[in-house]
Amino acid sequence: MRRHPRRGEAGGPVNGPSRKGAPSRKGAAVGRGIGIGLMYGLWKPRVLGAWRVPAAGPVILAVNHSHNIDGPMLMGTAPRPVHFLIKKEAFIGPLDPFLLSIGQLKVDRETTDRAAVTDALGVLQGGGVLGIFPEGSRGEGDFASLRSGLAYFAVRTGAPIVPVAVLGSTDRRGRLISALPPLRSRVDVVFGDAFDAQERVRSSAKGGGGRREGGSGRRTRRAMDDATLRIQKRLTAHLDNARRLTGRRAGLE
């Protein structure tokens with residue numbers, strides 16, 4: 001099993017100008033550095049399959065969510081800087097300017113947040129990495145219920161999705177801070193194979209060029225529902241495989 005190195009895999013260059021107020025690419029790189037220091041300093045991450053994250057170009061990291069450290073843990077263990085969509089409730093006090101300065105995206109989950117959608121699309125169209133909790137909020141972390149945002153961004157931009165399972169963050173409560181896992185305890189971060197939200201081109205039996213039967217960026221209600229179902233199956237399968245790989249049972253992450 002390959003362990004992800006702590007530093008030096010920032011990924012390829014991103015192209016295109018940044019609009020004023022857009023998530024900062026440099027800020028996300030700074031956030032990754034902070035995440036590396038904190039996550040490896042406080043806990044013992046075991047990272048598997050980080051090489052599966054494309055080294056350059058747009059990609060969406062779809063992460064299960066059962067504990068508050070899941071996002072920071074991914075930021076500190078992913079091989080490239082990550083711009084996370086984070087609920088606006090987390091942007092309180094000094095955390096508001098800090099999270100914005102490290103390239104994170106504030107989103108209002110109770111409405112269609114056009115600013116957050118624009119920023120997330122900008123990250124992907126600029127060749128960056130977008131982090132999403134597809135379940136929408138913290139819960140069992142089993143991908144049992146997915147919101148439509150992940151499918152929308154993947155279909156709209158054509159960015160591949162890399163499933164990520166964070167396991168072990170809810171095993172036990174810490175002695176010093178009960179809301180956190182015990183210090184220096186092991187947390188597993190398992191990256192899966194990249195996949196597309198829609199089926200790829202299938203060649204027609206007649207003629208030479210073939211035609212698209214999916215992967216065309218269609219955003220009809222049916223296409224989005226089909227993409228969401230496909231995504232859920234892939235994420236659930238990855239989570240099951242990650243549990244087998246790490247020896248962790250369901251309900252004991």
Side-chain angles (χ1 to χ4, degrees), residues 9-19 22-25 28 49-64 74-75 78-86 103-105 107 112-136 143 146-165 191-204 207-239:
E9 288 187 65
V14 244
N15 301 314
S18 297
R19 69 171 180 82
S24 167
R25 300 165 186 168
W51 55 270
R52 293 187 171 99
V53 178
V59 63
I60 300 173
L61 301 182
V63 195
N64 67 321
L74 182 65
M75 290 175 62
R80 295 171 59 186
V82 181
H83 299 268
F84 248 109
L85 276 169
I86 303 174
Q104 306 311 297
L105 288 66
V107 60
T112 301
D113 191 333
R114 297 187 182 280
V117 170
T118 298
D119 284 342
L121 290 175
V123 166
L124 295 172
Q125 290 165 352
V129 180
L130 181 67
I132 294 181
F133 294 121
E135 297 160 292
F143 296 125
L146 266 59
R147 302 183 71 164
S148 60
L150 173 56
Y152 173 80
F153 291 123
V155 171
R156 172 75 181 267
T157 64
I161 299 169
V162 172
V164 187
F191 294 84
D193 292 322
F195 67 93
D196 296 298
Q198 291 182 311
E199 296 287 352
R200 283 301 190 182
V201 177
R202 295 179 181 175
S203 297
S204 173
R211 69 183 182 89
R212 281 190 176 272
E213 294 188 6
S216 58
R218 294 175 298 167
R219 297 190 296 278
T220 64
R221 178 64 178 270
R222 174 63 182 274
M224 297 301 294
D225 287 346
D226 288 347
T228 298
L229 182 60
R230 172 177 168 80
I231 291 169
Q232 186 173 34
K233 289 180 178 178
R234 292 294 296 264
L235 297 185
T236 301
H238 171 66
L239 182 59

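Contact record, Ala62 with Ile161: CB-CG2, 3.9 Å, taken as the closest heavy-atom pair. Shown here for Leu85 and Leu130, the closest heavy-atom pair between the two residues is CG-CD1, 4.2 Å. When all heavy atoms of Pro160 and Pro58 are compared, the closest pair comes out as CD-O, 3.2 Å. Of all heavy-atom pairs spanning Val129 and Pro81, the tightest one is CB-O, 3.4 Å. Listed here is the closest heavy atom pair of Ala197 and Arg230: O-CD, 3.0 Å. Annotation for Val82 and Ala78: closest pair CG2-CB, 3.8 Å, computed over non-hydrogen atoms.
Note that CG of Leu239 and CZ of Arg234 are 14.0 Å apart. Values are rounded to the nearest 0.5 Å. For the atom pair Trp51 CH2 and Phe191 CZ, the distance stands at 12.5 Å (nearest 0.5 Å). Considering CZ of Arg156 and CG of Leu121, their distance stands at 5.0 Å, rounded to 0.5 Å. The distance from atom OG1 of Thr220 to atom CG of Asp225, rounded to the nearest 0.5 Å, is 8.5 Å. Distance CG/Asn64 to CG/Leu235: 9.0 Å, rounded to 0.5 Å. For the atom pair CD (Gln104) and NE2 (His83), the distance works out to 7.5 Å, reported to the nearest 0.5 Å.
The shortest side-chain heavy-atom distance between Leu105 and Ile86 does not fall under the 4.5 Å cut-off. Phe195 places none of its side-chain heavy atoms less than 4.5 Å from the side chain of Val162. Two residues are said to be in side-chain contact when any heavy atoms from C-beta on lie closer than 4.5 Å; Val63 and Ile132 fail this criterion.
Classification of Arg222 and Asp226 as a salt-bridged pair holds, one side-chain N sitting under 4.0 Å from a carboxylate O.
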Run the side-chain contact (heavy atoms from CB on, under 4.5 Å) check on Asp193 and His238 step by step: do they pass? CA-CA 9 Å; Asp193 292 322; His238 171 66; over 6 Å; no

Tell me, with the steps shown, if Phe84 and Leu74 meet side-chain contact (heavy atoms from CB on, under 4.5 Å). CA-CA 10 Å; Phe84 248 109; Leu74 182 65; 3.6 Å; yes

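Judged purely by atom type and a 3.5 angstrom limit, Arg25 has no side-chain atom pairing as donor or acceptor with the backbone of Val123.
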